[in-house]
Amino acid sequence: MSEITCTPRTEKARSENSRVEGLRDPDVETFVEAARGRIRADAETVGTDVRSLEIQVRLHLPRLSRQALVGWSPDKVYEEVRLQAVVRAAEVRQWAQEAAYQAHASVLLNVEKVRRDLSLSFTDGYRTGLRFAEVRPSAGHVVQSRLHYLRSERADTVLQFGLFLPGATMPLTYVAFSRCDRQYVLDALAGHGLKAGPRETMVLTRMHGIAGIPANLMSLTVSRAVREIRARNAAEYVVTAYNPMLGFDGAAFLASGFTPIALSPVAYRYDEKGLFQTRRISGDSIPQSLDTPDNVLMVLGVTGAAKRRAAALGGLITVPRRDHSGGDHIASPATDLASPEWRTRLLGYRRTLETGWSDATAHPRYQAAPDSGGDSRGQCGVTSVWLARKLRSDLLAEPVYCQGRLRFDGDHAEGVSHHCWVEVGRDHDPRRLVLDLTGDQSAGATEPIIVGEHGDLAARGIRYEPAMRLGLDELPRDRVWPRFLALEDRLDAVR
């Protein structure tokens, strides 16, 4: 592990704004100020707010070199990123209008006060209250992939919460959490003397609020979410980050009690159309040309003792770029997924998933097929996505979602020409593990699940032949994802 250096700082939370100013790129700020008139004019044309468009402009600037940013005219620089920024801002606006309607956001007109007990009072004497609750997976999908400025869903989301008005189906505010799976984050905590592993550390990955909400609703949402994480004994610490390059100052995090602990590099990547791609799904995308300012990592204690330890921290650790760019995943603990204990657990997963299977979750060619109860036909895709997410969240494993063919030697069972399953291990390694919770899709199969090393299964005449392999982070863009969200919604309703 690379050595981490600590830069002493004496600023407290009240001086965080001045610290952020020092982290911003002066050339970027000069350009944004010079282009503000054009940004405002385009925002009016598109029908979005100026800040939303400005975020997209900032997000796409790293495509350009320092020489271009400084040497070109502001108009020429703006033209280089204008199309991508306007398209993204317009897409967000389109979805934001419907989300605001479903969130009953118009109720907030003339709101006078929002109390910590989530009650609302209005200038006309009207009173109502907000409800803190988990967000349905399908609604979380809309927020992450359509409303959030990154427009990219985290496939490894394990908890998502929001504040709702009475009768609303969309939240006014939204926060999402994933298990910490990056080693440099744990190294930053350890550099401050905080001993926390992935099971003790959650990452606040997405935060969003409907336009026009009262300023303190986001911090109230974070506080309620952390309280819920504590009640579930789900973590000791919550880590998050904000990006000064995009004009963020971390105010909502500071108001929620987060403490800055580290400066961490940011990786900007773009597809062939010049649109920003998140690091987790960047694939063969084009890396940034501009050297950009660091993100600010922050931590909040969940339990009482953890809160006191986190609040007492001082100084900012510098995460070396080589550690961040390496992106080392935290090693998954050694687990024998083929053991009798795990086979029993996998059978339990299968029984749980059967309660969520429906026409909406089945592959279209199997929809409206006769259902004899627990019929796995057409359910292999959504089931495999669910299992892949479960393995990531519980074990920090790196499962692979496979689509292909299942063949059986001999005549004891029929093959399945279009099938999905999960594998753990390297491609082409005969020791990689196959986990198939819908193995009984094959007529003649005697067991509902099939588990074993790829080579061993082949020796027994059970041949899994993948035509496509996708990592978990790639799945939100696959056609199976909407059906998986339908499965999650059904399971969420019966929990």
Side-chain angles (χ1 to χ4, degrees), residues 332 334-354 357 361-392 395 397-472 474-475 478-480 483-484 487:
S332 175
T335 306
D336 183 4
L337 295 173
S339 67
E341 176 187 353
W342 260 94
R343 184 175 182 83
T344 299
R345 185 178 301 187
L346 293 170
L347 284 167
Y349 293 164
R350 163 65 186 255
R351 288 190 291 270
T352 297
L353 290 165
E354 288 175 359
W357 290 346
T361 66
H363 188 278
R365 68 164 58 191
Y366 293 97
Q367 289 179 0
D371 185 358
S372 59
D375 188 346
S376 65
R377 288 177 297 172
Q379 306 292 349
C380 57
V382 296
T383 297
S384 298
V385 175
W386 186 94
L387 179 59
R389 278 171 40 102
K390 188 70 172 174
L391 294 175
R392 169 76 71 82
L395 300 177
E398 289 302 311
V400 177
Y401 173 88
C402 297
Q403 295 179 5
R405 183 169 64 167
L406 169 60
R407 291 194 301 114
F408 295 89
D409 292 347
D411 299 326
H412 65 282
E414 294 181 5
V416 184
S417 58
H418 300 281
H419 191 48
C420 300
W421 64 94
V422 171
E423 293 184 359
V424 178
R426 293 183 179 275
D427 188 12
H428 301 304
D429 184 350
R431 295 172 299 175
R432 69 188 187 273
L433 194 66
V434 171
L435 300 112
D436 183 357
L437 297 191
T438 58
D440 55 349
Q441 279 196 185
S442 172
T446 58
E447 296 291 333
I449 69 172
I450 298 174
V451 181
E453 290 187 0
H454 191 274
D456 289 345
L457 291 174
R460 292 165 46 196
I462 305 173
R463 303 185 182 278
Y464 283 87
E465 302 170 346
M468 181 173 69
R469 295 167 58 88
L470 297 174
L472 178 60
E474 300 174 277
L475 288 178
D478 190 78
R479 287 176 293 182
V480 72
R483 291 188 286 115
F484 164 71
L487 173 68

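All values reported here derive from a predicted model rather than from experimental measurement.
In this structure, the ring pair (Phe, Tyr, Trp, His ring centres under 6.0 Å) partners of Phe484, at least two apart in sequence or on a different chain, are Trp481. Partners of Arg483 according to the salt bridge (charged side-chain N to carboxylate O under 4.0 Å, His left out) rule, which considers only residues two or more places apart in sequence or in another chain, do not exist here. Annotation: side chain to side chain donor-acceptor pair (under 3.5 Å) contacts of Arg343 (sequence neighbours excluded): none. Applying the side chain to side chain contact (heavy atoms under 4.5 Å, CB included) criterion to Thr383, with sequence neighbours excluded, gives Leu353, Trp357, Gln379, Leu437, Thr438. Partners of Arg426 according to the side chain to side chain contact (heavy atoms under 4.5 Å, CB included) rule, which considers only residues two or more places apart in sequence or in another chain, are Asp429. In this structure, the side chain to side chain donor-acceptor pair (under 3.5 Å) partners of His454, at least two apart in sequence or on a different chain, are Arg432. Asp427 pairs by the side chain to side chain contact (heavy atoms under 4.5 Å, CB included) definition with Arg469, not counting sequence neighbours. Evaluation of the side chain to side chain contact (heavy atoms under 4.5 Å, CB included) rule for Ala338 yields Asp336, Leu433, Val451 as partners, not counting sequence neighbours. For Arg407, the side chain to side chain donor-acceptor pair (under 3.5 Å) partners at least two apart in sequence or on another chain are Glu465. Evaluation of the side chain to side chain donor-acceptor pair (under 3.5 Å) rule for Arg463 yields Asp409 as partners, not counting sequence neighbours.
Summarising the geometry of Asp478 relative to Met468, their closest heavy-atom pair is OD1-CE, 3.9 Å, with the distance given to 0.1 Å. Shown here for Gln441 and Gly378, the closest heavy-atom pair between the two residues is OE1-N, 3.1 Å. Here the closest non-hydrogen pair linking Val480 and Val385 is CG1-CG2, 3.7 Å. Closest heavy-atom contact between Cys420 and Gln403: SG-CG, 3.7 Å. The two residues Asp440 and Ser376 have their closest heavy-atom pair at OD1-OG, 2.8 Å. Nearest heavy-atom pair across Leu347 and Pro448 is CD2-CG, 3.8 Å.
When side chains are defined from C-beta on, Leu395 counts as touching Leu337, because their heavy atoms get closer than 4.5 Å. Taking 4.5 Å as the limit, every side-chain heavy atom of Glu453 sits out of range of all side-chain heavy atoms of Pro430. Looking at Leu470 and Val400, their side chains never come closer than 4.5 Å, going by heavy atoms from C-beta outward. A heavy-atom distance below 4.5 Å is not found between the side chains of His363 and Arg377. Leu406 has its side chain within reach of Asp436: a pair of non-hydrogen atoms, C-beta onward, lies under 4.5 Å apart. Taking the side chain as every heavy atom from C-beta outward, Tyr464 and Ile450 approach each other to under 4.5 Å. Annotation: side chain of Cys402 is not in contact with side chain of His419 (no heavy-atom distance under 4.5 Å).
Judged by the 6.0 Å and 45° rule, Arg345 forms a cation-pi pair with Trp342.
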Exercise for the section: Kindly determine whether Glu414 and Phe408 satisfy side-chain contact (heavy atoms from CB on, under 4.5 Å), including the steps that lead there. Expected result: CA-CA 7 Å; Glu414 294 181 5; Phe408 295 89; over 6 Å; no

Practice task
Mind running side-chain contact (heavy atoms from CB on, under 4.5 Å) on Arg405 and Val416 for me, showing each step along the way?
Solution key: CA-CA 6 Å; Arg405 183 169 64 167; Val416 184; over 6 Å; no

Practice task
Give the intermediate values and the outcome of ring-ring contact (aromatic ring centres under 6.0 Å, His included) for residues Tyr401 and Trp421.
Solution key: CA-CA 6 Å; Tyr401 173 88; Trp421 64 94; 8.9 Å; no

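In this structure, Glu447 contributes its side chain and Gly439 its backbone to no donor-acceptor pair below 3.5 Å.
Going from atom CG of Leu387 over to atom CZ of Arg392 covers 13.0 Å, rounded to the nearest 0.5 Å.
With hydrogens and angles left out, the side-chain atoms of Tyr366 and Asp375 include no donor and acceptor closer than 3.5 Å.
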